[in-house]
Amino acid sequence: MNPASPRTVDVGGDHPYTIAIGPELLSDGARLAAHVRGRHVLVLSDSSVAPLYATRVREALRRQRQDLLVGELVIPAGESSKTLESFGAAVTALAELGATRDACVFALGGGVVGDLAGFAAACWMRGVDCVQLPTTLLAMVDSSVGGKTAVDIPQGKNLVGAFHPPRAVIADTDSLHSLPARELRAGLAEVIKYGAIRDPLFFEWLKAERGALLAGEAAALAQAIARSCEHKAEIVERDPLEKGERALLNLGHTFGHAIETEQGYGAPHNANLNHGEAVAVGMVLAARLSAKLGMAGDADTEALRGLLDAYGLPTALPAGLAPEALLARMRLDKKNVAGRLRLVLWRGIGKAEVVPDVDESAVLDVLRGG
Ligand SMILES: NC(=O)c1ccc[n+]([C@@H]2O[C@H](COP(=O)([O-])OP(=O)(O)OC[C@H]3O[C@@H](n4cnc5c(N)ncnc54)[C@H](O)[C@@H]3O)[C@@H](O)[C@H]2O)c1
């Protein structure tokens with residue numbers, strides 16, 4: 001099956017690759033197999049995604065290359081699987097497959113699978129290929145692009161990981177049809193983030209296209225994914241290792257990660273906020289902190305809060321999280337330097353900036369609702 005040409009976004013730099021965005025790509029054996037240099041493939045997926053799409057991928061690969069040895073590892077769905085234990089299972093699966101240095105790991109799933117598979121690929125024999133096959137909107141617009149890989153430990157999210165750019169990203173937009181509405185909205189939080197940090201026109205477009213995007217209309221979604229990927233590609237190309245401007249992509253994330261860590265990495269169906277939702281709350285907290293520090297006006301905070309709210313996303317801290325405990329989590333963020341809080345704040349829509357040494361008492365005030 002050869003679908004009509006998908007949209008593509010190129011990511012340049014030392015390890016260039018292409019992001020393909022379009023329908024029916026998980027059945028496109030030629031496209032999938034084009035990135036397999038050797039004979040060994042491990043398809044890593046989760047318990048919700050594998051039953052829907054893993055056979056499609058395996059069969060497409062096999063149709064194209066009968067000589068391939070294709071293994072499969074399925075982890076339980078959800079953030080609670082992004083652990084050192086799952087990492088152990090992934091490298092064990094590669095060992096059992098007899099994977100050599102030209103092996104390829106296919107990450108079939110959302111950001112959890114993508115981060116875990118990428119990290120396993122980064123470590124197996126000091127680095128084998130990884131092809132990202134994102135099946136959540138969040139993974140299509142963010143986590144599959146840029147080469148950040150990681151697992152969580154109880155002390156914090158993503159604390160153990162590596163930079164390992166994928167060999168390709170293949171985003172089959174048909175897979176979004178099975179995505180629960182809550183997960184679609186979580187992805188839209190990261191899409192809104194691009195507007196908030198660097199693209200006021202896109203922010204306006206997102207206001208106008210709310211109905212189409214929430215209804216899952218293909219053309220609007222493809223446009224939102226492509227524009228988001230263009231932004232991410234432009235930034236990671238210039239700053240692959242997050243020494244500077246790449247940190248801007250973390251608007252709302254220091255607050256968000258603290259929320260996620262403090263509430264525990266529960267399954268997405270429970271009352272806990274998932275990653276995109278935590279980022280939505282985090283962006284509003286970052287905007288409020290920016291206003292408190294005199295960097296931006298309250299109208300900007302309100303515009304962001306209003307848009308997130310219109311997309312059905314949470315904009316306030318859930319009850320039961322202690323501000324002091326959240327601050328303690330924020331102190332462990334990877335962006336901090338020399339023990340000082342370094343946060344992404346903004347000067348209004350489209351104007352995010354990294355602020356070193358943020359006053360902790362102002363952060364605490366904002367966490368307390370002040
Ligand atoms: N590496 C990065 O740069 C980066 C960036 C942003 C987020 N992340 C990470 O990404 C993770 C969040 O990713 P996520 O929101 O995709 O979560 P996820 O991978 O847990 O997926 C969300 C849920 O949707 C299910 N699912 C996935 N695709 C589906 C489909 N097509 N149909 C039906 N169900 C489907 C999954 O099984 C899961 O239950 C976090 O761990 C976060 O830290 C990484």
Side-chain angles (χ1 to χ4, degrees), residues 11 25-26 44-54 56-57 74-83 86 107-119 122 130 132-153 156-166 169 171-191 193-194 216 221 228-229 232-233 235-236 240-242 246-247 249-254 256-257 259-261 265-270 272-280 282 334:
V11 186
L25 299 185
L26 291 179
L44 204 158
S45 191
D46 76 24
S47 54
S48 297
V49 177
L52 297 171
Y53 303 111
R56 192 176 301 183
V57 169
V74 179
I75 57 166
E79 185 73 29
S80 52
S81 284
K82 217 175 91 174
T83 57
S86 300
L108 175 65
V112 165
V113 162
D115 280 9
L116 173 69
F119 186 45
C130 180
Q132 293 280 344
L133 305 176
T135 62
T136 63
L137 180 61
L138 187 139
M140 291 180 189
V141 301
D142 194 356
S143 59
S144 66
V145 180
K148 274 195 193 177
T149 73
V151 296
D152 306 328
I153 56 174
K157 257 182 74 77
N158 299 333
L159 286 180
V160 184
F163 283 102
H164 188 62
V169 179
D172 185 338
T173 47
D174 284 344
S175 67
L176 296 176
H177 296 155
S178 58
L179 192 66
R182 183 175 173 189
E183 298 299 340
L184 187 78
R185 289 197 298 271
L188 287 165
E190 298 277 11
V191 173
K193 179 191 76 179
Y194 292 106
L221 278 174
S228 300
C229 287
K232 182 137 189 192
I235 290 180
V236 300
L241 302 181
E242 198 169 313
R246 182 166 180 175
L249 293 170
N250 288 318
L251 178 68
H253 282 59
T254 307
H257 286 168
I259 296 168
E260 284 183 271
T261 308
Y265 313 126
H269 57 263
N270 67 16
N272 286 352
L273 299 188
N274 63 29
H275 179 74
E277 292 165 343
V279 166
K334 293 188 290 304

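Counting begins at 1 with the first residue of the sequence. Since the model is a prediction, treat every value here as computed from it, not as a measurement. Just so you know, ligand 1 is whichever comes first in the structure, and atom 1 is the first atom listed for that ligand.
Atoms of ligand 1 lying under 4.0 Å from at least one heavy atom of N158, given by number and element, are 43 (O). Interface atoms of ligand 1 facing K157, defined by a heavy-atom separation under 4.0 Å, are 40 (C), 41 (O), 42 (C), 43 (O). Shown in contact with D46 at under 4.0 Å from a heavy atom are these atoms of ligand 1, numbered in order with element: 36 (C), 37 (O). Within ligand 1, counting atoms from 1 as listed, the ones closer than 4.0 Å to a heavy atom of S175 are 30 (C), 31 (N). Taking every heavy atom of A77 and a limit of under 4.0 angstrom, the matching atoms of ligand 1 come to 37 (O), 39 (O). Contact atoms of ligand 1 toward K82: 9 (C), 40 (C), 41 (O), 42 (C), 43 (O) (distance under 4.0 Å to a heavy atom of the residue). Within ligand 1, counting atoms from 1 as listed, the ones closer than 4.0 Å to a heavy atom of S48 are 37 (O). Short contacts between ligand 1 and V112, defined as distances under 4.0 Å to a heavy atom of the residue, involve ligand atoms 11 (C), 13 (O), 18 (P), 19 (O), 20 (O), 41 (O).
Judged by distance alone, with hydrogens and angles left aside, the side-chain atoms of H253 form a donor-acceptor pair with the main-chain N or O of L251 at under 3.5 Å. With S228 contributing its side chain and V191 its backbone, the two residues share no donor-acceptor pair below 3.5 Å. Between the side chain of D152 and the main chain of N158, a donor-acceptor pair closer than 3.5 Å is present. In terms of modelled atom types and a separation under 3.5 Å, the side chain of Y194 and the main chain of V141 share a donor-acceptor contact. Not one N or O on the side chain of D46 forms a donor-acceptor pair closer than 3.5 Å with the backbone of A77.
Smallest separation of non-hydrogen atoms from S81 and I75: CB-CD1, 3.8 Å. Across L44 and L116, no two heavy atoms sit closer than the pair CD2-CD2, 4.1 Å. Residues A139 and G111 come closest through the heavy atom pair CB-N, 3.7 Å. Taking every heavy atom of both residues into account, S178 and L52 meet most closely at OG-CD1, 3.7 Å.
At a heavy-atom distance under 4.0 Å, no atom of D152 approaches ligand 1. Residue contacts with ligand 1, taken as heavy atom pairs separated by less than 4.0 Å, involve L138 solely via side-chain atoms from C-beta onward. Residue contacts with ligand 1 for K148 involve both N, CA, C or O and side-chain atoms from C-beta outward (heavy atoms, distance under 4.0 Å).
Using a 4.0 Å cutoff on heavy atoms, D142 counts as a contact of ligand 1. Residue contacts with ligand 1: P180 is included, with a non-hydrogen atom under 4.0 Å away. Contact analysis puts K232 in contact with ligand 1, with a non-hydrogen atom separation below 4.0 angstrom. In this structure, A186 falls outside the shell of residues with a heavy atom less than 4.0 angstrom from ligand 1.
Considering each of G111, G147, P134, the one bringing a non-hydrogen atom nearest atom 10 (O) of ligand 1 is G111. The closest heavy-atom contact to atom 30 (C) of ligand 1, among the options G109, S178, S81, P51, comes from S178.
Residues V151 and T83 are not in side-chain contact: their nearest non-hydrogen atoms beyond the backbone lie 4.5 Å or more apart. The side-chain heavy atoms of M140 and Q132, taken from C-beta on, include no pair separated by under 4.5 Å.
Taking distance alone, with nitrogen or oxygen atoms compared against 3.5 Å, E79 approaches ligand 1 more closely than that limit. Taking any N or O of T136, backbone or side chain, at least one lies under 3.5 Å from an N or O belonging to ligand 1. Ligand 1 has a nitrogen or oxygen under 3.5 angstrom from a nitrogen or oxygen of T135.
Side-chain contact check for N250 and E242: at least one donor-acceptor pair (N or O, by modelled atom type) lies under 3.5 Å.
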